[in-house]
Structures are given as C-alpha cells and as structure tokens.
Amino acid sequence: MKISILDDYFDTLRTLACFAKLAGHQVKVWNDHVQDLGALAERLQDTEALVLIRERTQIRTSLLEKLPKLRLISQRSVYPHIDIETCTRLGIVVSSNMHAGTPSYATAELTWGLVLAAMRRIPQEAAALKAGRWQTGVWSGLRGKTLGIYGYGRIGAVVAGYGRHFGMDVRVWAREASLARARGDGYAASRSRDELFEACDVISLHLRLVDATRGIVTAADLARMKPTALLVNTSRAGLVAPGALVEALKAGRPGMAAVDVFEEEPVRDARHPLLAMDNVVCTPHIGYVSREEYELQFSDIFDQIAAYAQGAPVNVVNPQVLQSASQRVP
C-alpha cells in the first residue's frame, strides 16, 4: 500500500522499533505541517492509507473529496478532526484505537511538571539566572494545598494520584459515574462545581472536548478562583471559553496558568497573549510527545494498517463502511 504520514515534525517515526511493521509498503513521511487544501490534496493524491499524529491536521470533507485513492485513515484516540460521515460516504475506513483503560502517562507527567514549574516559577527563575539575577522572589509549594481535578478519566486519575503523593488535598468534580470512581479511589468530591473553582489552589482540566464540554470553563468560573491559584490545561484549549483565560489572568483570578494546548495550533506567533504573560507557563502541545508514548501509539496505528491490508480491519469507528469499503462511492 502507498502510505502517507503527516506532521512527523522531527522525523521520529523512522527511528522507532515499530516502524518495521510497515516493511513492504511504500511509505512517505512529511515533516512539515500543512493545512492548505491544495497543498495537502497534491501531496496525498496517490495515498491509500493515511497515518495521522493525533489532531495535528484537520481532515475535512473538502480534502477527502479530492483523495480518490484513499481507503484507510489510521490513528489513535479521539477524532474530532476527521469528518467521519464523509469518510463513510466515500468508503474510507477510519481505524482508531481508543486504548480503553490505558492512560497517557506522558501527558499526566507533563501535567505535573507544569504544576511544579508554575507554582515554583521554575522557567522564570532559570531565565533570570541566565540573565545574571539571583532569585526573583519567594514562591509556593504544594504540600497541604488543595488540588482540583475537573474530569476524572484515565489521565485525571493518574494526576490525582500524583497530588496525593505530594501531600495535597485532592478534590474532584466530574460526571456522576466518574465521581463514583473517584470516591472509590479514596478522593473527595467537591460539594459543587462552584466550590471547586473557589476552594482549590490548583485546578487541572481533564475533560474530552465534545460539543457538551466546549467552553465549559467560563469567565465566571475563572473569576471565582483565588488570586494565588493555578489553572492547568493539558487537555484541550476549547474547554475554556474563547479569550476568557487571558482576560481572567489580566484581572488576577486565577493568578497563574500553565497550558500545553491552544485554540489554534501550531502557534507560530511569539506575540500570542499567553506567551507574553510572566504568570503563565506555556509548552507547545507536548503532553503525549515522548519516545515511549510514540512507540506505544504507533505500534497500534501500524497494526491497524496491517489488519486492513489482510482484509480484517480493526478498531473501526465507522463500521458501516465495511460493507462497501472495496467500492468507492462516487
């Protein structure tokens, strides 16, 4: 099969052990990011199987209709960036392992790294030292503070565990079924959503971005936070109402933020308002970007290609297409 891999920024996939699973296929790896419709259509015109690195490229109807040879999209995790209905109409199988019960430890680790970095102002102190200044202030530790976990899924549960080991009082707010799991794991539920924002010293967002959660964190929520509090977002920028975080930080509630995700990615403009704030720690969506995580993810993704090539697709998110996958619908 002719396989195209998009957005492998550092040409990492060829160096993974699992890349050997693509032996015998014609593989083209693209290291730059392109979203322009014409450019994407041109580079993918002969592609039969498309490999995506999470949500880096939007795969929409206008593009899909220009790819007559495409038969398979293989990726891992959620797929809000793919027009699934169009794929089904065009006979394109979408395989995506949802890895139930397997959290992204890399993302959980980065989340905790951001908590520590923001509370102790590690990037700011390191930059000051390089500029010839010795200490810029006295900052806060974590022991005895209250950690709020908003959304208790796979990653949220791991981050809650980190908080417990750091001696924090962990509170959770989530759907009732998730709250029941949190209670079963020994964590307290906040009495209300408002209390979560009012009482916590650190709030970490761990919700999936779907229609029901888009903009779920409002300006009013942020205004309830303490002026000493930290908001951490390694999930999706769209969970916070557009522009609300910047304005809240300007107003002083919360006093700090640490973010790995942005409303539009990649961020190429150094004048982005969050990048200009001294009370914000920003990273370029690297939560899942580790060699170990890549090896795990792409082993699944390449297995999905092998299964399709053998005529037995797995992890198919649009099973209706299987009845006509061999016949491209005009």
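Any value given below was found using the heavy atoms of this structure, including those in side chains, with hydrogens, waters and symmetry copies removed. Start at 1 with the first residue, then count along the sequence.
A salt bridge is defined here as a Lys NZ or Arg NE, NH1 or NH2 lying under 4.0 Å from an Asp or Glu carboxylate O, and Asp8 with Arg14 fails to meet this definition. Looking at Asp278 and Arg121, a side-chain N of the basic residue comes within less than 4.0 Å of a carboxylate O on the acidic one, giving a salt bridge. For Glu65 and Arg89, the salt-bridge test passes: some basic side-chain N is under 4.0 Å from an acidic carboxylate O. Salt-bridge annotation for Glu176 and Arg183: present, with a side-chain N of the basic residue lying under 4.0 Å from a carboxylate O of the acidic one.
Between Gly148 and Leu196, the shortest heavy-atom distance links the atoms CA-CD1, 3.8 Å. Closest of all the heavy-atom pairs between Ile82 and Gln75 is CD1-OE1, 3.7 Å. Scanning both residues, Leu239 and Leu207, for their nearest heavy atoms gives CD1-O, 3.6 Å. Between Ala229 and Cys200, the shortest heavy-atom distance links the atoms CB-O, 3.7 Å. When all heavy atoms of Leu147 and Gly163 are compared, the closest pair comes out as CD2-CA, 3.8 Å. In this structure, Gly243 and Glu263 approach most closely via the heavy-atom pair N-OE2, 3.4 Å.
For the atom pair Gln45 CD and Lys69 NZ, the distance stands at 7.5 Å (nearest 0.5 Å).
Side-chain contacts under 4.5 Å among hydrophobic residues (ILVMFWY), followed directly or transitively, place Tyr9 together with Phe10.
Looking only at distances, a side-chain donor or acceptor of Ser95 sits under 3.5 Å from a matching main-chain atom of Val314. Under a 3.5 Å cut-off, the side chain of Asn318 and the backbone N or O of Gln320 do not form any donor-acceptor pair. Although no hydrogens or angles enter the test, the distance criterion places a donor-acceptor pair under 3.5 Å between the side chain of Thr111 and the main chain of Thr107. For Asp83 (side chain) and Thr86 (main-chain N/O), no donor-acceptor pair under 3.5 Å exists by modelled atom type. Although no hydrogens or angles enter the test, the distance criterion places no donor-acceptor pair under 3.5 Å between the side chain of Ser299 and the main chain of Leu296. Not one N or O on the side chain of Glu55 forms a donor-acceptor pair closer than 3.5 Å with the backbone of Pro80. Judged by distance alone, the side chain of Asp201 and the main-chain N or O of Thr146 form a donor-acceptor pair under 3.5 Å. Using modelled atom types, no side-chain atom of Lys2 and backbone atom of Val27 make a donor-acceptor pair closer than 3.5 Å. The main-chain N or O of Gly151 is never found under 3.5 Å from a side-chain atom of His206 such that the two would form a donor-acceptor pair. Formation of a donor-acceptor pair under 3.5 Å by the Glu195 side chain with backbone atoms of Arg191 is found in this model.
For Arg120 and Trp139, the positive end is not near the middle of the six-membered ring at less than 6.0 Å and at most 45° from its axis. For the pair Arg164 and Tyr187, the cation-pi test (distance below 6.0 Å, angle within 45°) is passed.
Val217 has its side chain out of reach of Leu245: every pair of non-hydrogen atoms, C-beta onward, lies at least 4.5 Å apart. Side-chain contact between Leu6 and Leu44 is present, with at least one heavy-atom pair separated by less than 4.5 Å. With contacts defined as side-chain heavy-atom distances shorter than 4.5 Å, the pair Ile92/Leu67 does not qualify. Between Asn315 and Ser96 there is no side-chain heavy-atom pair separated by less than 4.5 Å. Between Leu129 and Gln135 there is no side-chain heavy-atom pair separated by less than 4.5 Å. Considering only heavy atoms from C-beta on, Leu72 stays 4.5 Å or farther from Glu48 through its side chain.
For Asp211, the CG atom is loosely surrounded, since the number of other residues' heavy atoms within 6.0 Å does not exceed 12. When the shell of 6.0 Å around OH of Tyr105 is examined, it contains 12 or fewer heavy atoms from other residues, nucleotides or ligands. The environment of Glu85 atom CD is sparse: at most 12 non-hydrogen atoms of other residues, nucleotides or ligands sit within 6.0 angstrom.
Scored by the ring pair (Phe, Tyr, Trp, His ring centres under 6.0 Å) test, Phe166 finds Trp112 as partners (sequence neighbours excluded). For Phe298, the ring pair (Phe, Tyr, Trp, His ring centres under 6.0 Å) test picks out Tyr294, Phe302, with sequence neighbours left out. With sequence neighbours excluded, no residue forms a ring pair (Phe, Tyr, Trp, His ring centres under 6.0 Å) with Tyr79. Residues forming a ring pair (Phe, Tyr, Trp, His ring centres under 6.0 Å) with His272 (at least two apart in sequence, or on another chain): Phe262.
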Derivation of the side chain to side chain donor-acceptor pair (under 3.5 Å) call for Arg236 and Thr213: CA-CA 10 Å; Arg236 294 293 183 271; Thr213 61; over 6 Å; no

Stepwise side chain to side chain contact (heavy atoms under 4.5 Å, CB included) check, Leu37 with Lys66: CA-CA 9 Å; Leu37 175 61; Lys66 294 180 181 297; 3.8 Å; yes

Evaluate the side chain to side chain donor-acceptor pair (under 3.5 Å) criterion for residues Arg175 and Tyr152: first the C-alpha distance (whole Å), next the side-chain angles of each, then the deciding distance (0.1 Å), finally the verdict. CA-CA 8 Å; Arg175 296 177 301 173; Tyr152 193 78; over 6 Å; no

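Under 3.5 Å, the side chains of Glu265 and His285 contain a donor-acceptor pair of N or O atoms. A side-chain donor from one of Thr57 and Asp7 sits under 3.5 Å from a side-chain acceptor of the other. Under 3.5 Å, the side chains of Ser74 and Gln304 contain a donor-acceptor pair of N or O atoms. Between the side chains of Arg71 and Tyr308, no donor-acceptor pair is found at a separation under 3.5 Å.
Hydrophobic clustering, with ILVMFWY side chains joined whenever heavy atoms are under 4.5 angstrom apart, keeps Val261 apart from Leu205.
A salt bridge (charged side-chain N to carboxylate O under 4.0 Å, His left out) check over residues 298-314, counting only residues at least two apart or in different chains, returns the pairs Lys21-Asp303, Arg76-Asp300.
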